[in-house]
Every structure is written in C-alpha cells, then in structure tokens.
Number of protein chains: 2
Amino acid sequence: MSAPYRQFCPVAKAMELLDERWTLLVVRELLSGGRHFNDLRRGLPRMSPSLLSRRLQQLTRAGVLERREEGGQVEYVLTPAGAELRPIVEAIGVWGTRWIGELGDADLDPKLLLWDMHRHVDHDALPPRRTVVGFRFPDADPRARDWWLVLHGGEADVCDDDPGHPVDVLVTAPLRRMVAVWMGDVSWSAALRSGDVRLEGPPELRRALPAWFTLSSFAAVPRPRPVAAQAP
Amino acid sequence: MSAPYRQFCPVAKAMELLDERWTLLVVRELLSGGRHFNDLRRGLPRMSPSLLSRRLQQLTRAGVLERREEGGQVEYVLTPAGAELRPIVEAIGVWGTRWIGELGDADLDPKLLLWDMHRHVDHDALPPRRTVVGFRFPDADPRARDWWLVLHGGEADVCDDDPGHPVDVLVTAPLRRMVAVWMGDVSWSAALRSGDVRLEGPPELRRALPAWFTLSSFAAVPRPRPVAAQAP
DNA sequence: CAGTATCCCTTATGATACTG
DNA sequence: CAGTATCATAAGGGATACTG
C-alpha cells in the first residue's frame, strides 16, 4: 500500500484506499454483478491475477467486500460499505463521460466492448429462440477482429471463436464507431444511415437488433454543451 | 503519468487522471477556495512543491483547472469540468466519514486541524474586536504543541508562533479529542463535560467559543448504525 | 476455477536545495 | 510568492509461470 497522506480529512483517508491503481475498477466490476475471481478478470483483462488477488484482499481488509466460500464456491460480495461506493463510481463515470475527450486507439478494446454488451442484453426483446450475433471489426487486431454473442434462454455468451452455430445477424463496423454507438455518442440510426455500421441478415432481425441491447449505463448522460458560438 | 488502463469505460478513463496520488486532494483544496500555489501547499503540507507543481500542470492539461496570471499574480481556477468534481469529492468525503475507522496517530496533524478551522470561522459570531484563541495539544510533538488563531475583521490567521497579542481563550485538549470534536464524532459539550477539552478565559468567551467555529463540512454526516446487538 | 509465486524494472514519489 | 532542479530510493505493478 502506498504511503498514507497523514491527514485526518476523510477525503484523504478514503483516497488512501481508492487511489490505488485498479481498485475502483474492481469495485466497478463488483457493482456490475461480478462475483467470482474469473468474472472479475474478464472485466479487467489487463490486470494481472496477482494484483487482482491483492486488491481483493485489501478491499476485504478495508471492509468493502467479503469473501464467501460456500461448497467450494468462492464469492466476493460487497458489504454495506462497498455498496455505498456505487454513487461514487457512478459519479466518476458520469464525469468521465462528460469531460474525457477522444479515446485513444489503445482504449478501444473489443473484448471489453463485447463483455459490456453481454451484460446489457435485453432478453425480452430477443426472438424466442437462440440468436447469434456476429461482430466484425475490420480495423481491429486480426486476433480480435471477429466475435460472437450467443443469446439464448436469458444467457449471453461471448465467444472469440466461432461457436459453430449459424450467425443470425452480422454487425460490421470500425471499432471506434461501434464504441461510439455503445457509449451513446452516436445513435444506432445515425451510424447505420452513414453506413459506418452495417448489419447483414434477415431484414426483420436487422431492424430488431438495436433493441436487443440497452446501451452502456453512461450512454444517457447529458454531454456538456459545447461552448456556444456567439450569435452574430 | 502511470500507464493507461486501456479501457474505454469512462470510469477507467476518469480514474487515469483522478487515481494518481494527491490529485483529488489538490482538487479538494481548490474546491475549498485555495487559489494560490502557497495556499494549496498549506493544505497539503506533506506534498512536495515539485509534485504539486506537476499535478497542477496535469490538471490543467486535463481541462480541470486553469492557470491565470494577472499582474504578476498567479491564480488557479477550476474550469466547469473541475467544478463538476465537487460532488465526487464530497461523496468520497462522506464515504470516508462513514466507513473509515479509527484514525492513526500519524493522521492527527495539528497544522491541518488549525488550517481547516481557520476556514470555518463564523465571523458573525465573534466579538466585534480582535480575538485570539490559543490551542494547546499537550500530547502533540513539542514543535506543534501550541497554536494561535487570530480572528479579526473577517480574517483568520493561523500562527505557530506566539503572535504577541494576549490570548482571549485557551483551548487545551488531547489532539485526538480535538479532532474528534472537529469531525463531529464528539460534541463540544460532551468533550467539555468529560474534561477532555478545557477552556480557559473569561466565562462569557468560554461559553461563546463553540459557536465561533462551524465544524468540518463532514461533521453532520450521519454515521452508519453500528450493527445492532441481538435482542436477548 | 481460484488463485500464488517470482522476478525484474520502471517510475512515481519524497526530500532538499535552489531561483526569479 | 511561485515555482524548478536534482537525486536516490522504494515499491508498485506488469508479465509469466505455476499449483490445488
């Protein structure tokens, strides 16, 4: 743990914990419903397992979460103190949505995009049978170019290998564009109209697809008005 | 700057900035009204000037604050993006107030206590003449044992040397106790009744003194109920 | 699945001194 | 007042391999 601030101010004391790299992202994963070690890892692919392990221990010691082992199953559960971090994480996300500028290319991780999408599937909007959505990001790294989302019976599975089932709708888009749609910076309809995002498959499925996903929780955040141009 | 998270998630992007040691405390100082480099330093006594300088630059680049130089006077001012960090800093302070346990001895910095108090003087409650409040923390480091607060004409000056003026009221208390009063964990009246905090001076000033200070902004935060004891 | 164990290495930070 | 310059250290963190 890094050196304490030596201030009694509760902001400083809280930041001694929350300051540390990855910590609040681990909390974000837990707030999003991650419960198992490898769940969490999927949302934090660039975090080493040893560091995740350490963070989980620190958060446990801090009283933010609890490690439960029941029948060989390990579960991490937020305590009341941990649950009260939700407004903080959300406020930070809102702030980031409003004030972080352009994303860098390195920020555009298709794995995380699919992982986030799979958590926001509106299963009630889906056809009543198994549905496979393919994603192709022509500009992405070849190894992360093709993805499949298998939607069935309230489950959503992310695959980076062909799952074998036929694809019902194929979504093709530049990665940056797809992220922009996901984050609410561009609407599905605008992205489709411009031709940046293309859908292939039966017309009724193509029409329905946008409704299968509720967007990122931050998509609806109002953006700051750009500095108003002076009226002439 | 430490390595980016490589996530497009706005929480991650925001934390790339806010994550870094001291950063949010610098913002806290700005939100509390600090405007000049050395103002900020007083609220961040353990931060080296070079690091403060670097943080100010990073925050400027991030669009959180603006450096203004007018007539040789340098001023740091929060931008709209910076001002929108207020709810985050406050939420973190509230969380810290509720969930951080006992403070360590190293957290009890009399300098910061006095610095915080001087910002929360209710000048309208003061006698209409210059008032000097002395503080003595018998258990503190000898060099930080005695402090003076000179209150006059809407100004409040913190001194760690005898300012020369006669002391109107002398407050003597264990440092931890005084911090507890300040943070709202113990009321003035309880602390005085128990004898932990003692006031010396004319009775009317002793009676009036608690009203001279509005407590820390977090003093009024409701504490979580302790886990209820099981009824027998 | 749920983590530990290593190991190296960058780099963030603290401390101090100094300048316009 | 408002910072810069310099330096040594610790250690936080990334990568990888391995275990029950």
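Since the structure is predicted, the reported quantities are computational estimates derived from the model, not experimental observations. The chains referred to below are lettered A, B, ... by the order of the sequence lines, with proteins before strands, and numbering in each begins at 1.
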**OP:** Specify the separation, in whole Å, of atom CG of A:Leu52 and atom P of D:dA15.
**Re:** 15 Å
**OP:** May I have the distance from B:Asn38 (atom CG) to D:dT4 (atom C1'), rounded to whole angstrom?
**Re:** 14 Å
Minimum-distance nucleotide (side-chain atoms of [X] versus [options]):
{"X": "A:Ser48", "options": "D:dG3, D:dA15, C:dG14", "answer": "D:dA15"}
{"X": "B:Arg42", "options": "D:dA17, D:dC1, C:dG14", "answer": "D:dC1"}
{"X": "B:His36", "options": "D:dA2, D:dG13, C:dC1", "answer": "D:dA2"}

**OP:** Kindly state which residues belonging to residues 53-75 of chain A come within less than 4.0 angstrom of DNA chain C, counting heavy atoms of the residue only, listed by number.
**Re:** A:Ser53, A:Gln57, A:Arg67, A:Val74
Subject >> Side chains of B:Arg98 and B:Trp95 in contact at under 4.5 Å (non-hydrogen atoms) >> reply: no
Original post:
Would you say the side-chain atoms of A:Asp39 pair up with the backbone N or O of A:Arg35, donor to acceptor, closer than 3.5 Å?
Top reply: yes
Closer than 4.0 Å, any side-chain N/O of [X] to the OP1 or OP2 of [N]?
{"X": "B:Trp22", "N": "C:dA12", "result": "no"}
{"X": "A:Arg41", "N": "C:dA2", "result": "no"}
{"X": "B:Tyr76", "N": "D:dG3", "result": "yes"}

**OP:** Using only heavy-atom distances, decide whether a donor-acceptor pair under 3.5 angstrom links the side-chain of A:Ser2 to the base of C:dA12.
**Re:** no
Original post:
Within a radius of less than 6.0 Å around CD of B:Glu69, do more than 12 heavy atoms belonging to other residues, nucleotides or ligands occur?
Top reply: yes
